[in-house]
Colleague: 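Once you've had a glance at the structure underneath, I'll fire off some questions.
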Amino acid sequence: RVLAGAAVVRQTATGVEVTEAFRRGAELAVAAAGEPRLAILKARSPSCGAGQTEIDGAVRPGDGVFAASLRQRGVELLTDEDLGELP
């Protein structure tokens, strides 16, 4: 939703909006990643959460900003928690 302009990112402690910093960080990270087919990201992170992200102190469905950027490019996403489930 952040990438679509339908949501903002705020620092939990201060409430300061940091949406543009997250967007720019995701943009730079995607550029640095090249063309990956798979990414392993930190679960529930507002930047890297894949499938679930912490929003307003609760875990909710959706991707973090960087994860969403990768997903839009067709990258398969796993979280650090998925590693224990691999064969």
Side-chain angles (χ1 to χ4, degrees):
R1 294 187 50 215
V2 170
L3 293 179
V8 297
V9 181
R10 295 189 185 280
Q11 287 183 339
T12 303
T14 64
V16 172
E17 184 180 332
V18 291
T19 305
E20 196 50 42
F22 269 72
R23 280 192 191 138
R24 182 71 177 135
E27 179 181 300
L28 292 171
V30 165
E35 297 184 25
R37 293 177 291 159
L38 171 71
I40 301 170
L41 305 171
K42 179 65 182 150
R44 294 179 296 284
S45 159
S47 192
C48 296
Q52 293 183 330
T53 305
E54 188 171 325
I55 301 172
D56 297 328
V59 176
R60 300 176 194 231
D63 293 330
V65 181
F66 178 54
S69 296
L70 290 174
R71 193 180 299 277
Q72 285 180 349
R73 288 162 178 77
V75 177
E76 181 182 352
L77 304 178
L78 297 176
T79 71
D80 56 323
E81 294 174 351
D82 294 324
L83 295 178
E85 299 173 17
L86 296 175

Colleague: E17: what forms a side chain to side chain contact (heavy atoms under 4.5 Å, CB included) with it, not counting sequence neighbours?
Modeller: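 Partners of E17 by the side chain to side chain contact (heavy atoms under 4.5 Å, CB included) criterion, ordered by chain and then number, come out as V8, R10, T19.
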Colleague: Quick check on the hydrophobic clustering: are F22 and V2 connected, directly or via other members, by side-chain heavy-atom contacts under 4.5 Å?
Modeller: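 Yes, same cluster.
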Colleague: Determine the minimum heavy-atom distance between C48 and A67, stating which atoms define it.
Modeller: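 Answer, listing the atom of C48 first, then A67: O-CB, 3.6 Å.
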Colleague: Please report, to 0.1 Å, the donor-acceptor pairs under 3.5 Å made by any side chain of residues 27-43, with sequence neighbours excluded.
Modeller:
{"residue": "E27", "atom": "OE2", "partner": "R24", "partner atom": "NH1", "Å": "2.3"}
{"residue": "K42", "atom": "NZ", "partner": "D80", "partner atom": "OD2", "Å": "3.0"}

Colleague: Would you list the pairs meeting side-chain hydrogen bond (donor to acceptor under 3.5 Å, both in side chains) in which at least one residue belongs to residues 60-69, sequence neighbours left out?
Modeller: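 Every pair satisfying side-chain hydrogen bond (donor to acceptor under 3.5 Å, both in side chains) with a residue in residues 60-69: D63-R71.
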Colleague: Sort and list the pairs that fulfil side-chain hydrogen bond (donor to acceptor under 3.5 Å, both in side chains) and have at least one residue in residues 43-55, not counting sequence neighbours.
Modeller: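 Only R44-E81 qualify under side-chain hydrogen bond (donor to acceptor under 3.5 Å, both in side chains).
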Colleague: Please enumerate all residues that pass side chain to side chain contact (heavy atoms under 4.5 Å, CB included) together with Q11, with sequence neighbours excluded.
Modeller: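 In terms of side chain to side chain contact (heavy atoms under 4.5 Å, CB included), with neighbours along the sequence ignored, Q11 is linked to T14, V16, V18.
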Colleague: Between L70 and L78, is there shared hydrophobic-cluster membership here, with clusters defined by ILVMFWY side-chain heavy atoms closer than 4.5 Å?
Modeller: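 L70 and L78: separate clusters.
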